Amino acid sequence: MRPDIKEAASHYVHRLFLQAGNSSLVRLLKKEAFKRIYRQMINDPDSLLPRTFPSDVEPWSGEKPQGPEDFLKGTVTLPSLPHVQSRLREVLNDPESTAQDLVDIICKDPKLATSVLRLANSGIYEIEEKIETPSKAVALLGFQKAGSLALGTVSLSMFKRKNKAVLDLEKFWKHSIACGVVAQEISVAAGLGDPELFFAGGLMHDIGLHMIFESDYSLGVTLFRLAGSEGYNLYEAEQDILGFNHADLGGYILEKWKFPRQLIAAAGGHHNPHKVKTDPDAMVIHVADFIAQALGFGLDISSVIGSIDPAAWQKIGITADQLIELLPKIRRLIDDIFQILED
Ligand SMILES: [Fe+2]
């Protein structure tokens with residue numbers, strides 16, 4: 001190991017984890033991060049430079065909204081939920097729905113059908129048999145699993161790039177998928193049930209962030225600059241500038257769209273200390289969000305990863321060593337799913 005790079009990498013990791021505390025989980029994740037940053041400093045040092053924006057972009061001069069509702073009235077209007085999502089959501093929320101209802105929706109949207117089939121065959125569900133049709137996918141995966149998978153994938157495809165974007169969309173997709181995969185694997189290891197809903201929760205958790213950044217270019221740049229300053233975090237910057245954070249907004253949006261309760265809790269609670277301590281969905285997504293960033297699947301907006309609530313990790317009940325053992329599988333799944341969904 002080169003001593004100069006070793007020192008620079010450990011300094012970098014120290015800064016990244018400034019707010020993270022010193023639990024055994026954090027110590028192990030720091031080791032993982034160090035290995036990755038060291039490699040990156042040797043192979044691709046430019047990728048670690050902070051992003052800059054033209055100096056002539058004026059700071060955002062909008063008025064602080066009263067809250068998420070007011071923000072959506074003034075700065076940006078909440079788009080209506082695309083038809084296929086609202087049909088999926090209805091079918092998932094209705095106890096009378098049949099497997100055939102779900103198959104019908106998936107079959108009507110060729111892109112959705114392709115994504116569901118490729119994901120079903122990707123090894124996330126460890127099914128040996130080849131799945132060739134949506135009806136076989138629903139039969140083999142089950143109604144809930146196939147439905148949540150469809151809802152998650154179709155929702156992720158909503159996150160499209162605008163011309164002048166502040167948010168790096170590739171990083172956003174990878175972060176969302178990584179958070180979904182980590183949440184799913186944690187829920188399996190901890191025996192929390194509904195892994196597919198945790199996966200969908202991870203895919204959707206930053207919907208509020210996407211909406212804030214896509215709403216106004218100068219607002220995005222202003223938040224980016226503030227969040228990038230020493231020791232600051234994106235959700236703190238949002239709180240300062242807007243008076244609420246992207247989790248508040250995300251929960252509000254998914255509630256308006258009548259998404260399943262778990263997904264509302266996951267998006268709305270992941271930076272909300274009160275929910276992080278009490279709601280299993282918020283808890284798991286909060287932890288998964290932190291872990292995804294520590295593994296290098298962050299948005300690279302804030303100068304720090306943020307903090308992890310030790311009580312949330314303790315309540316989930318798996319050990320840091322257990323998590324580290326899951327990492328090779330987690331990394332493989334993230335790459336596979338990213339490729340499938342990005343196509
Ligand atoms: Fe977030």
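All values derive from a computational prediction rather than experimental measurement. In each ligand, atom 1 is the first atom listed, and ligand 1 is the first ligand listed. Side chains included, hydrogens not; waters and symmetry mates left out as well; all remaining heavy atoms used.
- At the Fe ion (ligand 1), the vertex angle linking NE2 of H270 with NE2 of H246 is 100° (nearest 10 degrees).
- Comment: K35 engages E32 in a salt bridge, judged by a side-chain N to carboxylate O separation of less than 4.0 angstrom.
- With 2.8 Å as the limit, H205 does not count as an N, O or S neighbour of the Fe ion (ligand 1).
- Of all N/O/S atoms in D206, OD1 sits nearest the Fe ion (ligand 1).
- Between F53 and F224, the ring-plane angle classifies as perpendicular under the 30° and 60° cut-offs.
- In this structure, K174 satisfies the cation-pi test against F338, with its NZ or CZ atom closer than 6.0 Å to the six-membered ring centre and inside 45 degrees of the ring normal.
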request  = Walk me through it: do D206 and H246 pass the test side chain to side chain donor-acceptor pair (under 3.5 Å)?
outcome  = CA-CA 7 Å; D206 270 342; H246 65 264; 3.0 Å; yes
